[in-house]
Amino acid sequence: MSVTVIVGSQWGDEGKGKIVDILSERFDIVVRYQGGANAGHTVEIGDKKFILHLIPSGILRENVLCVIGNGVVIDPKALLDEISLLEGMGISIKNRLLISHNAHLIMPYHKLLDSISESGSAKIGTTGRGIGPCYIDKYARKGIKIVDLLDKKVLEEKIKQNLEEKNNLLKKVYNQEELDVEEIIKEYQAFDKEIDQYITDVPLFLNTALQEEKSILLEGAQGALLDIDFGTYPYVTSSSPTSGGASIGSGIPPTKITSVTGIVKAYTTRVGLGPFPTELLDEDGEKLRKIGAEFGATTGRPRRCGWYDAFLVNYSRMINGIQRVAITKLDVLSQFDKIKVCVGYEIKGKRLKSFPTNENQLKQITPVYETLNGWNSEISNLTDYNQLPSEAKDYLQFMSLQSGFEISIISLGPKRSQTIEL
Ligand code: GDP
Ligand code: IMO
Ligand code: MG
């Protein structure tokens with residue numbers, strides 16, 4: 001019986017979708033445990049490209065059952081759009097998707113408040129999907145849950161209560177127009193008809209599946225450095241993408257988790273604002289973005305690019321308990337003569353012992369680099385580790401040594417076939 005957590009080890013977009021799709025062939029159930037439609041997980045199969053936002057990437061394997069856990073915040077419209085897009089592409093969803101009755105709903109005012117807060121001076125560079133404001137309401141104990149869709153009266157009452165406060169805020173604090181209560185009630189009451197069929201007691205379902213010795217893959221969204229507690233706060237998301245979040249966001253007890261696999265991009269990217277010690281603002285950064293097609297899968301924004309930060313991933317390995325990793329996008333480095341790796345941080349000439357998540361400290365960092373030779377040859381069609389150029393093997397070994405992990409998968413392109421398992 002295997003219960004494996006997949007975590008992004010950097011700032012998201014490491015290629016989690018591709019690796020979850022590869023691994024889910026061997027699992028019975030795939031669960032999303034946090035985040036929402038801020039995620040964009042890409043899977044390329046043949047000439048089809050799927051970008052999953054809320055539905056687990058396991059949905060593309062027909063024998064896999066997919067679950068959206070209580071830790072996820074669900075925009076019902078985004079969910080229904082995603083379901084119909086997938087169905088239109090020939091993927092069956094009925095009887096293959098379960099949604100936790102305890103997941104919280106993203107409401108129109110969450111998206112509005114997200115955009116208002118991003119127009120102020122304390123910008124984060126969010127995806128604008130209402131994620132932060134929805135989690136605020138969850139923790140303020142004012143949120144509206146998926147289960148509330150099942151009772152029209154309860155739903156109406158909760159929307160009215162919430163809108164009284166939100167409209168006050170919009171009008172008096174932000175000088176905005178009030179939202180129409182009746183319109184929102186009508187819109188959300190209609191979701192019940194379509195979403196009802198998926199609603200389940202997820203902790204019960206998953207724990208029963210464990211008793212039946214089913215294997216479960218827990219698919220994290222975002223990445224460890226975007227974690228609300230362990231990330232580069234305040235430039236983070238509002239949930240817990242790290243492996244600890246997998247338990248809280250699904251109802252699978254920590255004692256049942258058997259392994260944690262980190263997804264590690266062979267260089268570093270970040271979307272949105274916040275510190276990024278190894279960021280390249282020169283032509284090398286531009287080259288990484290171009291070759292790696294580093295544009296957001298959800299917002300289309302250009303991703304900031306930089307060298308691999310082994311010091312950061314070592315921290316990520318520690319807080320997630322990562323045992324094995326999948327290295328993705330190694331092919332993107334194939335056209336570089338020299339490749340740098342950050343092996344540590346210095347502040348005023350003093351080497352840091354541990355990764356600082358503090359914003360002020362992060363601003364003062366000078367990365368310490370080691371330079372490795374590139375391999376300058378096409379590797380995206382290789383199928384065996386032994387075929388890799390010796391410089392590429394050296395690079396992988398250096399990553400592994402510096403960040404303290406064991407490599408179990410190497411990805412050399414977006415397609416299923418461009419994957420080497422060790
Ligand atoms: P996720 O959010 O972690 O699932 O990652 P995204 O889907 O946002 O971004 C990863 C991008 O890289 C997608 O466009 C993938 O199709 C692509 N990709 C994944 N693995 C590889 C790889 O090994 N090489 C290349 N060139 N592209 C990859
Ligand atoms: P996947 O799952 C990369 C970033 C946003 C912003 C910050 C907060 O595809 O790896 P939010 O909308 O969550 O309040 O934004 O987090 N962010 C991501 N960056 N990949 C993601 O998801 C992200 N989800 C959120 O750009 O900096
Ligand atoms: Mg992504």
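Atoms within a ligand are numbered from 1 in the order they appear, just like the ligands themselves.
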query: Hey, does Thr237 come in under 3.5 Å of ligand 2, counting only N/O atoms on both sides?
result: yes

- request: Look at ligand 1 and say whether Arg303 reaches it with a heavy atom at a distance under 4.0 Å.
  value: yes

- line: Among non-hydrogen protein atoms, atom 3 (C) of ligand 2 lies closest to Asp13 OD2, 3.2 Å

- request: May I ask you to identify the nearest protein heavy atom to atom 27 (O) of ligand 2, giving residue, atom name and distance to one decimal place in Å?
  value: Val271 O, 3.0 Å

task: Name the closest protein heavy atom to atom 23 (C) of ligand 2, giving the residue it belongs to and the distance to 0.1 Å.
output: Gln222 CG, 3.6 Å

- request: Would you please test Thr126 and Asp114 for side chain to side chain donor-acceptor pair (under 3.5 Å) and show each step?
  value: CA-CA 8 Å; Thr126 73; Asp114 195 352; 2.9 Å; yes

message: One residue to check: Thr42. Relative to ligand 1, which of side chain, backbone, both or neither has a non-hydrogen atom less than 4.0 Å away?
response: both

- request: Could you tell me if any non-hydrogen atom of Arg301 lies under 4.0 Å from any atom of ligand 2?
  value: yes

query: Do Phe50 and His41 come within less than 4.5 Å of each other through their side chains, counting heavy atoms only?
result: no

query: Is it true that Glu178 and Lys166 have a side-chain N and a carboxylate O under 4.0 angstrom from each other?
result: no

- request: Would you mind running through ligand 1 and noting each atom that sits below 4.0 Å from a heavy atom of Lys18?
  value: 20 (N)

- prompt: Counting from 1, what ligand 1 atoms have a heavy atom of Ser411 closer than 4.0 Å?
  reply: 20 (N), 21 (C), 22 (C), 23 (O)

- prompt: Does Lys329 make a cation-pi contact with Tyr267 (under 6.0 Å, within 45 degrees of the axis)?
  reply: no

message: Below 4.0 Å from ligand 2: does a non-hydrogen atom of Val236 turn up there or not?
response: yes

message: Please check this pair: side chain of Gln323 against backbone of Val260, looking for a donor-acceptor N/O pair closer than 3.5 Å.
response: yes

message: Is there a polar contact between ligand 2 and Asp114, counting only N or O atoms under 3.5 Å apart?
response: no

message: If you measure every N or O of Gly413 against every N or O of ligand 1, does any of those distances drop under 3.5 Å?
response: yes

- request: State the atoms of ligand 1, each with its element, that fall below the 4.0 Å cut-off from a heavy-atom position in His41.
  value: 1 (P), 2 (O), 4 (O), 7 (O)

- line: Logged contact type for Trp11 with ligand 2, heavy-atom cut-off 4.0 Å, is backbone

message: Give me the residue, atom name and distance of the protein heavy atom closest to atom 15 (O) of ligand 2.
response: Thr126 CA, 3.3 Å

- prompt: Is any N or O atom of Thr328, backbone or side chain, closer than 3.5 Å to an N or O atom of ligand 1?
  reply: no

task: Walk me through it: do Tyr198 and Ile93 pass the test side-chain contact (heavy atoms from CB on, under 4.5 Å)?
output: CA-CA 10 Å; Tyr198 305 112; Ile93 308 282; 4.0 Å; yes

- prompt: Going by the angle between their ring planes, with limits at 30° and 60°, are Phe336 and Trp307 parallel, tilted or perpendicular?
  reply: perpendicular

message: Looking only at protein heavy atoms, which one is nearest to atom 1 (P) of ligand 1, and what is the separation?
response: Lys16 N, 3.5 Å

- request: Before giving the answer on side chain to side chain donor-acceptor pair (under 3.5 Å), spell out for Thr328 and Lys18 the whole-Å C-alpha distance, their side-chain angles and the decisive distance to 0.1 Å.
  value: CA-CA 9 Å; Thr328 60; Lys18 168 178 168 166; over 6 Å; no

message: How far is atom 11 (C) of ligand 1 from the closest protein heavy atom, and which atom is that?
response: Lys329 NZ, 3.6 Å

- request: Provide, to 0.1 Å, the distance between atom 24 (N) of ligand 1 and the closest protein heavy atom, together with that atom's residue and name.
  value: Asp331 OD1, 2.8 Å

- request: Using a strict 4.0 Å cut-off to heavy atoms of Gly272, name the atoms of ligand 2 that fall inside it.
  value: 27 (O)

- prompt: When only distance counts, is Arg129 in polar contact with ligand 2, meaning an N/O pair under 3.5 Å?
  reply: no

message: With a cutoff of 4.0 Å, is Ala297 in contact with ligand 2, counting heavy atoms of the residue only?
response: no

NZ (Lys290) with more than 12 external heavy atoms under 6.0 Å: no

Donor-acceptor contact present, side-chain Ser243 to main-chain Asn320, <3.5 Å: yes

- prompt: Backbone, side chain, both or neither: what part of Leu412 comes under 4.0 angstrom of ligand 1, heavy atoms only?
  reply: backbone

field: Quiz item: cation-pi between Lys340 and Tyr308, 6.0 Å / 45°
entry: no

message: Testing the 3.5 Å rule here: is there a donor-acceptor pair between the side chains of Ser408 and Glu406?
response: no

task: Using distance alone, determine whether Leu226 and ligand 2 share an N or O pair under 3.5 Å.
output: no

message: Could you check whether Asn162 and Lys142, counting side-chain N and O atoms only, form a donor-acceptor pair closer than 3.5 Å?
response: no

statement: Here the atoms of ligand 1 under 4.0 Å from any heavy atom belonging to Gly17 are 4 (O)

message: Whether the Gln222 and Asn38 side chains hold a donor-acceptor pair (N or O, under 3.5 Å, no angle test) is what I'd like checked.
response: yes

query: Given the rule in the side chain to side chain donor-acceptor pair (under 3.5 Å) test, do Ser240 and Thr242 qualify, once you have shown the distances and angles that lead to the verdict?
result: CA-CA 5 Å; Ser240 307; Thr242 42; 5.3 Å; no

Shortest protein contact, atom 12 (O) of ligand 2 (heavy atom only): Thr127 OG1, 2.6 Å

- line: For O in Gly40 and OD1 in Asp13, the angle at the Mg ion (ligand 3) (nearest 10°) is 170°

- prompt: Ser238 near ligand 2, heavy-atom distance under 4.0 Å?
  reply: no

- request: Could you walk me through whether Glu219 and Ser57 pass the side chain to side chain donor-acceptor pair (under 3.5 Å) test, one step at a time?
  value: CA-CA 8 Å; Glu219 175 181 0; Ser57 306; 2.7 Å; yes

- prompt: Please state which protein non-hydrogen atom is closest to atom 6 (C) of ligand 2 and give its distance, to 0.1 Å?
  reply: Gly125 O, 3.1 Å

query: Against heavy atoms of Gly40, which atoms of ligand 1 measure under 4.0 Å?
result: 1 (P), 2 (O), 4 (O), 6 (P), 7 (O), 8 (O)

message: For ligand 1 and Lys49, I'd like to know whether there is a polar contact (N/O to N/O, distance under 3.5 Å).
response: no

query: Any chance CD of Gln364 has more than 12 other-residue heavy atoms, nucleotides or ligands included, within less than 6.0 Å?
result: yes

message: Test your reading of the model: is there a side-chain donor-acceptor pair from Arg96 to the backbone of Val64, 3.5 Å cut-off?
response: yes

- prompt: So is Gly12 polar-close to ligand 1, meaning N/O to N/O under 3.5 Å?
  reply: no

message: Any non-hydrogen side-chain atom of Lys145 less than 4.5 Å from a side-chain atom of Lys138?
response: no

statement: Residue, atom and distance of the protein heavy atom nearest atom 10 (O) of ligand 2 read Lys16 NZ, 2.7 Å

